[in-house]
Amino acid sequence: MEQHEESLGVLIVEDNSLDAKIITELFRDIKNGAAFKLSFAETLEKAAAAARVKAPDIVLLDLNLPDSYGPETLGKAEGLFPDLPIIVMTGFYEEHLGLDLIKKGAQDYLVKGKITGDWLAYSIKYSVERARIERKLKQKEAHLEDILEKSPDGVMVARKDGRVLFANHGAENIFGRRREELLKHPLTLETDTEKTVETELRRLDGRKIPLEVRAVDTVWDSEPCRLVILRDLTPVRTLQRNRDEFISMISHELRSPLSVVKESLDLVFDGSVGEVNGRQKEILKIGIDNSMRLNRLIDALLDITKIEAGVMPMDITKADLGLLLDETERDYVRLAEEREIRLVKDLPKSPLFTYCDKEKVREVVINLVSNALKFSPRGGDITLSLRPWEGEALFCVEDAGPGIEAEDLPRLFGKFAQVGRKRPPGVKGTGLGLAICKGIVELHGGKIWVESAPGHGCKFFVLLPVLPFDAALKGMVRREIELALARSYKFCVVDINFSGRVLRDNPRAAQLSSRAEAFLRSNMRNAHALLKREEGDFTLIISNADAQEGCRACSFVEKGLADIAGLSPGLTQNLTQLLCFPGDFKDEETFLKKLAAARAKGNAQGA
């Protein structure tokens with residue numbers, strides 16, 4: 001029989017010569033019978049030997065052989081031919097037997113004498129192709145299993161009742177327990193399919209592991225389950241700790257000696273320790289200028305590090321944004337005149353108020369105006385504009401400078417970015433100004449961007465939300481919750497209603513309120529945020545503090561306010577309201593509700 005180059009090798013395991021002849025005739029009846037190359041074996045042992053000489057593509061198996069009998073023949077054949085598809089051929093039909101054999105791995109179940117050649121050909125080709133697909137699926141499954149086992153993250157599948165159905169090697173490492181033990185115990189970690197949960201795992205050996213937990217709903221063996229991904233945050237915590245230590249090192253180990261160096265140079269420059277000539281003064285001036293520049297660089301590094309770490313202190317008050325822009329213009333108008341540059345204001349007719357960190361927003365505007373002055377040519381204009389925009393406030397600082405290439409725009413707000421425009425002689429920057437601006441704007445929930453083209457100047461836009469007090473407070477509490485979850489600590493919020501309880505109808509209200517504000521700013525420096533609702537009405541967010549520390553803070557504040565108002569401490573009791581995370585609230589919405597209820601209760605008691 002002529003062989004086709006793509007013929008399938010068929011090994012027929014059949015001890016009955018008559019049946020073997022019938023099967024051979026079936027292949028001759030196939031229209032393209034040359035597509036099959038037949039070989040025969042009378043026993044499993046001979047079939048295995050033949051397969052070792054030349055591996056077939058498929059095995060046609062009779063269950064009743066001299067060296068094996070009945071359904072167990074299939075199991076033996078699968079052991080001998082683990083990677084080959086097997087079609088069972090019998091002399092009689094039993095429905096239950098056929099289904100059972102297919103469940104045990106047979107590709108098909110055919111009855112001799114009741115099939116045609118074309119039917120047999122179809123079954124063989126179908127079985128071979130399906131076996132190929134199954135092999136590929138098994139390979140992919142093996143690859144996925146290998147990836148899961150090598151992943152440092154823990155991967156677990158748990159039923160709704162917490163019973164663990166699957167756990168990888170990463171989960172073993174995180175829990176410090178063997179897989180068999182994990183499968184015997186329910187998963188008790190908090191999971192949420194809507195958000196990432198950060199928690200702490202206490203292992204049996206006493207170690208505490210900070211974890212990031214992600215979860216999605218899935219199906220496992222037709223049963224609704226939850227896929228849980230666990231990430232050990234210990235390396236992240238180590239990096240955060242190193243970063244904090246770095247900030248501290250810069251603050252104390254560099255700033256202090258640098259201040260001494262500058263003061264010493266100033267003393268020599270001023271002639272306080274002896275007369276200096278003109279050339280010496282020039283050299284000293286270079287040293288003083290560079291020490292000041294290094295000090296600015298340290299300040300900028302501290303600011304950008306605090307912003308990235310989420311620990312930048314915020315001082316939230318009600319601000320008139322138009323007035324802020326007007327004050328900035330007045331501060332720079334003389335410098336602009338010296339450079340023959342005209343500052344133009346375009347402000348809205350009505351005041352535009354929002355609760356924000358006024359000084360940090362001013363820092364953003366100052367940075368943008370300062371940059372515009374650096375790059376604007378003599379005789380040019382710089383326009384400072386503000387307008388309401390769909391419920392938000394839109395600043396714009398526009399200059400007539402050389403503009404920025406399109407490919408440089410995406411990198412403009414990165415750290416140490418020195419792209420775009422050539423600096424005028426003598427103008428030096430840290431490369432951190434715009435990165436700090438971006439961080440400050442995003443701390444307020446806003447956006448900053450630039451529009452520019454070479455030769456057409458730049459337009460820097462800042463879009464800030466216009467917020468009432470409660471919305472600003474909500475944003476600050478949300479930031480602190482995210483930080484507390486990331487670093488596994490608690491925090492407290494102290495609400496101070498000095499105006500409603502002490503200052504009401506007091507002729508010295510303005511003076512007392514100002515002193516109370518100064519007291520809080522100077523004595524509560526560990527607060528991540530100080531928010532001023534109105535005169536004498538403040539909210540403090542104290543990081544890394546539990547309820548006991550919060551109570552001490554309340555007592556300290558009440559005593560200080562009593563001294564300011566000249567009252568006995570008993571008369572200033574209950575001036576403060578304390579709420580602690582996570583004991584009193586776990587999200588910002590719950591916090592606002594509980595704070596409103598606490599303030600209402602306090603006002604009723606003080607009425």
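Smallest separation of non-hydrogen atoms from Val466 and Thr354: CA-OG1, 3.4 Å. In this structure, Tyr489 and His528 approach most closely via the heavy-atom pair OH-CE1, 3.9 Å. Smallest separation of non-hydrogen atoms from Thr199 and Ser488: O-OG, 4.5 Å. Val361 and Cys356 make their closest contact through CG2-SG, 3.9 Å (heavy atoms, listed as atom of the first residue, atom of the second, distance). The minimum heavy-atom distance linking Leu483 with Gly310 is given by the pair CD2-O, 3.5 Å. Shown here for Phe519 and Gly560, the closest heavy-atom pair between the two residues is CZ-CA, 3.6 Å.
Between the side chain of Ser264 and the backbone N or O of Val260, at least one donor-acceptor pair lies under 3.5 Å. When atom types are taken as modelled, the side chain of Tyr355 and the backbone of Ala471 share no donor-acceptor pair closer than 3.5 angstrom. Between the side chain of Lys594 and the main chain of Asp584, a donor-acceptor pair closer than 3.5 Å is present.
Considering only heavy atoms from C-beta on, Lys601 stays 4.5 Å or farther from Gln577 through its side chain. When side chains are defined from C-beta on, His444 counts as touching Asp357, because their heavy atoms get closer than 4.5 Å. For the pair Val344/Arg342, a side-chain contact is recorded, criterion being any heavy-atom separation below 4.5 Å from C-beta on. Within the 4.5 Å cutoff, the side chain of Glu198 has no heavy atoms near those of the Leu211 side chain. Using a 4.5 Å cut-off on side-chain heavy atoms (C-beta onward), Leu434 and Ile436 make no contact. At a threshold of 4.5 Å between non-hydrogen side-chain atoms, the residues Leu368 and Val462 count as touching. Proximity of Lys360 to Met314: side-chain heavy atoms (C-beta onward) are separated by under 4.5 Å at one or more points. You'll find the side chain of Glu534 reaches within 4.5 Å of the side chain of Asp537, heavy atoms only.
The structure places CZ of Arg508 at 10.5 Å from CD1 of Ile564, a figure rounded to the nearest 0.5 Å. Remark: Leu394 CG to Lys447 NZ distance equals 11.5 Å, nearest 0.5 Å. A distance of 11.0 Å separates CD of Glu482 from OG1 of Thr196, quoted to the nearest 0.5 Å. To the nearest 0.5 Å, atoms OH (Tyr332) and CD1 (Ile366) are separated by 5.0 Å.
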Please list, one pair per line, the donor and acceptor atoms closer than 3.5 Å that link side chains of residues 541-551 to other protein atoms, with sequence neighbours excluded.
{"from": "Asp546", "atom 1": "OD1", "to": "Gln548", "atom 2": "N", "distance (Å)": "3.2"}
{"from": "Asp546", "atom 1": "OD1", "to": "Glu549", "atom 2": "N", "distance (Å)": "2.9"}
{"from": "Glu549", "atom 1": "OE1", "to": "Asp546", "atom 2": "N", "distance (Å)": "3.0"}

Let me have the donor-acceptor pairs involving side chains of residues 318-330, under 3.5 Å, with sequence neighbours excluded, atom names and distances please.
{"from": "Asp320", "atom 1": "OD1", "to": "Gly322", "atom 2": "N", "distance (Å)": "3.1"}
{"from": "Asp320", "atom 1": "OD1", "to": "Leu323", "atom 2": "N", "distance (Å)": "3.2"}
{"from": "Asp326", "atom 1": "OD1", "to": "Lys345", "atom 2": "NZ", "distance (Å)": "2.3"}
{"from": "Asp326", "atom 1": "OD2", "to": "Arg330", "atom 2": "NH1", "distance (Å)": "2.5"}
{"from": "Glu327", "atom 1": "OE1", "to": "Arg362", "atom 2": "NH1", "distance (Å)": "2.9"}
{"from": "Glu327", "atom 1": "OE1", "to": "Arg362", "atom 2": "NH2", "distance (Å)": "3.2"}
{"from": "Thr328", "atom 1": "OG1", "to": "Leu324", "atom 2": "O", "distance (Å)": "2.9"}

For residues 448-460, which side-chain N or O atoms pair as donor and acceptor with protein atoms under 3.5 Å away, sequence neighbours left out?
{"from": "Ser452", "atom 1": "OG", "to": "Ile404", "atom 2": "N", "distance (Å)": "2.9"}
{"from": "Ser452", "atom 1": "OG", "to": "Gly457", "atom 2": "O", "distance (Å)": "2.8"}
{"from": "His456", "atom 1": "ND1", "to": "Pro454", "atom 2": "O", "distance (Å)": "3.1"}

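Using a 3.5 Å distance cut-off with no hydrogens or angles, the side chains of Arg226 and Thr191 do pair a donor with an acceptor. For the residue pair Glu535/Ser513, the side-chain donor-acceptor check at 3.5 Å is satisfied. There is a side-chain donor-acceptor pair under 3.5 Å between Asp232 and Thr234. Between the side chains of Asp399 and Ser376, no donor-acceptor pair of N or O atoms lies under 3.5 Å. Using a 3.5 Å distance cut-off with no hydrogens or angles, the side chains of Asp587 and Thr590 do pair a donor with an acceptor.
Within a 6.0 Å sphere centred on CZ of Arg231, heavy atoms belonging to other residues, nucleotides or ligands number 12 at most. Within a 6.0 Å radius of CD in Glu407, other residues, nucleotides and ligands contribute more than 12 heavy atoms.
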Could you go through the side chain to side chain donor-acceptor pair (under 3.5 Å) check for Thr576 and Glu558 one step at a time? CA-CA 7 Å; Thr576 61; Glu558 289 178 355; 2.9 Å; yes
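Cation-pi check for Lys285 over Phe269 is not met; the charged atom does not lie both under 6.0 angstrom from the ring centroid and within 45 degrees of its normal.
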